[in-house]
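Some notes on the structure that comes next.
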There are 2 protein chains.
Amino acid sequence: MEPLLLDRLLQITDLFQRDMARAFEGSGLTTARVHLLWVLTHNGPSTQQSLAVACGVSPRNITGLVDGLEASGHVRRTPHPTDRRAVLVELTESATTMMRRMQQEHVELNDTLIAAIAPADRAAVERGLNSLIEKLTALVDDAQTPERRS
Amino acid sequence: MEPLLLDRLLQITDLFQRDMARAFEGSGLTTARVHLLWVLTHNGPSTQQSLAVACGVSPRNITGLVDGLEASGHVRRTPHPTDRRAVLVELTESATTMMRRMQQEHVELNDTLIAAIAPADRAAVERGLNSLIEKLTALVDDAQTPERRS
DNA sequence: TATTGTTATACTCTATAACTATA
DNA sequence: TATAGTTATAGAGTATAACAATA
């Protein structure tokens, strides 16, 4: 009984989640908080509204995540220069350093994974994953868009 | 700037999670509860201890998940025939029917995804995913096992 | 003495709704 | 009037520790 392609992909999903959880444990960080740190790394100082959009969660949730990251010294809230309602969330120096290291480990893991694939198969795997992403994106969007509000 | 292989895999992970959450919404089911239902589908009536091991969560957590699934009519607690400490959790008839349908949809999604990959690439993608699973499993285990308790 | 499940407690992620301060 | 963020409230998933009943 060959496992289905779908089962293999789900297994990879599970392995990633466990690998990430393991990498964070002890640091007080969680998947949701690290996600926010990645967004800040890529986008620079951001308002909580924009973080909510980027993370795909409610603004209220961002308040909680930023509270936690502020308490652990990873981010800092600073006043928005022109809008006194808003705050800018930015990485602290130590968090910036940490994210640089994480980004490096990310690239190293990528290299390790590519090295695990037979050279002759690599191009096909890349094409295949791209096709899967395209198909999955279409499926998710299809399910989202046509909410027949008749 | 080509995205990394790792980023593609993470994107697929994200798409799966969104697709599953979408599929369950409105049904009152969640990822954790559906996972438990899958375990029951595959293993048959089980004690909460064995469910805890199979789901990789604490026994206490299983109590909560089973409480919820019992309230929604998906599972039933029955006395263990020989061990009066334990209970056997089993699917109700309606949940069994639902899981059969879910299993069918699972196979259909698998077919859809395979169809999205160019036929010439399919074998290479399968091999590549197997290699990735092997490598990732080794990485996760390596990080787990040698907790140098010196 | 060890195991099964539950009660007690706590933390994180998540959401919606109401409210405050500003635009 | 609309927007940015917070307080209030709620529910799910997760954990550990203490306890009951049973092995």
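Numbered from 1 within each chain, the chains take letters A, B, ... in sequence-line order. What you see below is based on every heavy atom in this structure, not just the backbone, and it leaves out hydrogens, waters and symmetry mates.
- Which of D:dT6, C:dT6, D:dA4 sits closest to the side chain of A:Asp83 comes down to D:dA4.
- In this structure, B:Arg33 atom CZ and D:dG11 atom P are separated by 12 Å, rounded to whole Å.
- Per the geometry, CZ belonging to B:Arg84 stands 16 Å off P belonging to C:dT6, to the nearest Å.
- For the OP1/OP2 pair of D:dT6 and a distance below 4.0 Å, the side-chain nitrogens and oxygens of A:Gln48 include at least one atom meeting the criterion.
- At least one side-chain heavy atom of B:Gln103 sits under 4.5 Å from a side-chain heavy atom of B:His42.
- Summary of the strand contacts: A:Asp67 and B:Leu29 both lie near DNA chain D, and taking for each the nucleotide with the nearest heavy atom, the more 5' one is attributed to A:Asp67.
- Take the nearest nucleotide of DNA chain D for B:Thr82 and for B:Ala32: the residue whose nucleotide is more 5' is B:Ala32.
- Counting atom types as modelled, B:Arg60 pairs a side-chain N or O with a base atom of C:dT7 as donor and acceptor under 3.5 Å.
- B:Arg122 places a side-chain N or O within donor-acceptor distance of the main-chain N or O of B:Ile114, the cut-off being under 3.5 Å.
- Put simply, B:Arg77 has a side-chain N or O that comes within less than 4.0 Å of OP1 or OP2 on C:dT6.
- Distance check: B:Gln11 CD to A:Thr137 OG1 gives 6.0 Å after rounding to the nearest 0.5 Å.
- One N or O donor and one acceptor, one from the side chain of A:Arg85 and one from the base of D:dT3, sit under 3.5 Å apart.
- Taking 4.0 angstrom as the limit, B:Asn61 places a side-chain polar atom (N or O) nearer than this to OP1 or OP2 of D:dA15.
- For A:Gln49, counting side-chain heavy atoms from C-beta on, the closest listed nucleotide (D:dA4, D:dT14, C:dG5) is D:dA4.
- The side chain of B:Ser58 has D:dT16 as its nearest neighbour among D:dT16, C:dC13, D:dG5.
- D:dT3 atom C1' lies 16 Å from atom CD1 of A:Ile62, rounded to whole Å.
- Residue B:Leu65 is in sugar-phosphate contact alone, with no base atom involved, counting any heavy-atom pair closer than 4.0 Å across all strands shown.
- Note on B:Thr31: nothing from the nucleic acid sits closer than 4.0 angstrom, heavy atoms only.
- Between A:Thr30 and C:dT12, a side-chain N or O to OP1/OP2 separation shorter than 4.0 Å is absent.
- Residues A:Ser46 and A:Asn43 have side chains in contact (heavy-atom distance under 4.5 Å, counting atoms from C-beta outward).
- A:Ser50 and A:Thr47 form a side-chain donor-acceptor contact under 3.5 Å, judged by distance and modelled atom types alone.
- The distance between atom CG of A:Leu69 and atom C1' of C:dC13, rounded to the nearest whole Å, is 13 Å.
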